**Student:** 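For reference, the structure I am asking about is given below.
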2 protein chains.
Amino acid sequence: MTDKRQLLIDTALELFYRRGVNSVGINEVLSASGVAKKTLYHHFSSKNALLLAVLEQRHRVFIGWLAQQLEGAGSNDEVIERLFNGLSAWFEGRVPQLGDYRGCFFVNTCAELSDTDSEVSRYCQYHKWQVRQLIAGALTGESDTLLDAVCLLKEGAISTAYVAQEKCIAERCVQVLRGF
Amino acid sequence: MTDKRQLLIDTALELFYRRGVNSVGINEVLSASGVAKKTLYHHFSSKNALLLAVLEQRHRVFIGWLAQQLEGAGSNDEVIERLFNGLSAWFEGRVPQLGDYRGCFFVNTCAELSDTDSEVSRYCQYHKWQVRQLIAGALTGESDTLLDAVCLLKEGAISTAYVAQEKCIAERCVQVLRGF
DNA sequence: GTGATGGTAGACAGGTCGGTCTACTTTTGT
DNA sequence: ACAAAAGTAGACCGACCTGTCTACCATCAC
């Protein structure tokens, strides 16, 4: 029933993430998935609606992966180590469910938008907030400064790993956090 | 002589930064600047060539502004304070020559590209490297870890200020760096 | 004067975009 | 068995895209 719908989301996520939302047309999603155009517009009212479904899927996958990375960590040091080890693996393409690294899908999508106040950009905001909450839950203690440090370094690493092509940047985040 | 050329670059920078490179067509740049299409293609071989010129201009302006922010700082603490005060002003739109904040133009442009290995993405890489060099020159001492910390937090702040709309994030970077 | 240069306006070509629609087939629930 | 739902292929629409081209105008060096 929702078979084709899921296929469309999977195909679109792959294409949108790899090449950018604006660079991939509906027709390409259709030919890559082998689904008819009518079917797409049966499940989604527009390309934008498809994009929202794609972002939701990516969010679920990413949060699931991150939670799994962090679970069972005993100390803050261990949380930090696991987080940035995970990022390192992502940057090097060693996390199958996240695909070949091409930056943060949510950041990239925001960058492609003309409208700063759209539903899409609000969803990206929500995603980043959820990630922060997940990390906050893993860290023990009440230090907002440590949480800020970890989140900002994480974000910096994600950006730098992509734009400056520095795949080993995550290890340097851990180094930075050692002086904390 | 290069009057129209400069006008095209200025207009394109304004439009490309505000709304994204792929969302702005050549015709819009032309009508906004009041220049004829023939003239654009007389000065630039393609939209991509125009984009490169726009990036170069943005690079010059940004580096100039940053150098001015950092000059005359006596200590590392002062460098940090000036850097993140500057970023704060940028995020809040108080730096006229950088325009209303819409993230890092170079990061955004990379995100819009399909091709990871193009001349444009290499220029963005170069820009980030130059910014790092400028900060490295302002900081005294040999600590690569401090340099990493500053650059990664800076990058994290740029991303977070845009995607999560947290304009006051730069001050929290300074807070983080105090524990250093 | 005259030819090179840089400029104007805008038609045009060839293609892609998102989205609608017709006509037909397959699957599925009851 | 049969109707509703979900699927197929693909023509078509109007709009927009980059880039080329014609035809004409203004300036200026020599």
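Source: prediction; values computed, not measured. Just the heavy atoms: all of them, side chains too, but no hydrogens, waters or symmetry mates, feed the values below. Quick note on labels: first sequence line is chain A, next is B, and so on, each numbered from 1.
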**Student:** Expressed in angstrom and rounded to an integer, what is the separation of A:Leu30 atom CG from C:dC17 atom P?
**Tutor:** 11 Å
**Student:** Would you kindly give the CG-to-C1' distance between A:Asn22 and D:dC17, to the nearest whole Å?
**Tutor:**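 Rounding to the nearest Å, CG of A:Asn22 and C1' of D:dC17 are 13 Å apart.
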**Student:** State, to 0.1 Å, how close B:Ile158 and B:Tyr101 come at their nearest heavy-atom pair, and which atoms those are.
**Tutor:** O-OH, 2.5 Å
**Student:** Shortest non-hydrogen contact from B:Lys47 to B:Val21?
**Tutor:** NZ-O, 3.0 Å
**Student:** Could you tell me which non-hydrogen atom of B:Val29 sits nearest to which non-hydrogen atom of B:Ala12, and how far apart they are?
**Tutor:**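 B:Val29 and B:Ala12 have their closest heavy atoms at CG1-CB, 4.1 Å.
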**Student:** Taking salt bridge (charged side-chain N to carboxylate O under 4.0 Å, His left out) as the cut-off, I'd like each qualifying pair that reaches into residues 96-122 of chain A, sequence neighbours left out, listed once.
**Tutor:** none
**Student:** Side chain of B:His42 only, please: which of D:dG7, C:dG7, C:dG18 is the nearest?
**Tutor:** C:dG7
**Student:** For B:Ser159 and A:Ser159, which I'm curious about, is there any donor-acceptor pair between the side chains at under 3.5 Å?
**Tutor:** no
**Student:** Whole-Å distance between D:dC17 C1' and B:Leu40 CG?
**Tutor:** 14 Å
**Student:** What's the separation between atom NE2 in B:His127 and atom CZ in B:Arg58, rounded to the nearest 0.5 Å?
**Tutor:**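 B:His127 NE2 to B:Arg58 CZ: 8.0 Å, rounded to 0.5 Å.
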**Student:** Between B:Gln69 and B:Gly86, which heavy-atom pair has the shortest distance, and what is it?
**Tutor:** OE1-CA, 3.5 Å
**Student:** When the C1' atoms of the five terminal pairs at each end define the local axes, what inter-axis angle does the helix from C:dG1-D:dC30 to C:dT30-D:dA1 show, to 10 degrees?
**Tutor:**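 Comparing the axis at each end, I get an angle of 10°.
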**Student:** Name the orientation class of the two ring planes belonging to A:His59 and A:Phe106 (parallel below 30°, tilted from 30 to 60°, perpendicular beyond 60°).
**Tutor:** perpendicular
**Student:** Report the distance from atom CG of B:Asn27 to atom C1' of D:dG19, rounded to the nearest whole Å.
**Tutor:** 10 Å
**Student:** In whole Å, I'd like the distance from the CG atom of B:Leu8 to the P atom of D:dT18.
**Tutor:** 14 Å
**Student:** Can you measure A:Ile26 atom CD1 to D:dG10 atom P for me and round it to whole angstrom units?
**Tutor:**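 Nearest whole value for this atom pair: 18 Å.
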**Student:** B:Cys173 and B:Phe84: which non-hydrogen atoms are nearest, and at how many Å?
**Tutor:** CB-CE2, 3.4 Å
**Student:** Please check the phosphate of D:dG7 (OP1 and OP2 only) for any side-chain N or O of A:His43 closer than 4.0 Å.
**Tutor:** yes
**Student:** As a test of reading the structure: which of C:dC17, C:dT20, D:dT18 is closest to the side chain of A:Tyr41, going by heavy atoms?
**Tutor:** C:dT20
**Student:** Once each nucleotide of nucleotides 8-13 of chain C is scored for protein heavy atoms under 4.0 Å, what B/S/- sequence comes out, 5' to 3'?
**Tutor:** BBB---
**Student:** What is the distance, to the nearest angstrom, from the CG atom on A:Asp3 to the P atom on C:dT28?
**Tutor:** 10 Å
**Student:** Return the value, rounded to whole Å, for the distance between atom CG of A:Leu7 and atom P of D:dA6.
**Tutor:** 17 Å
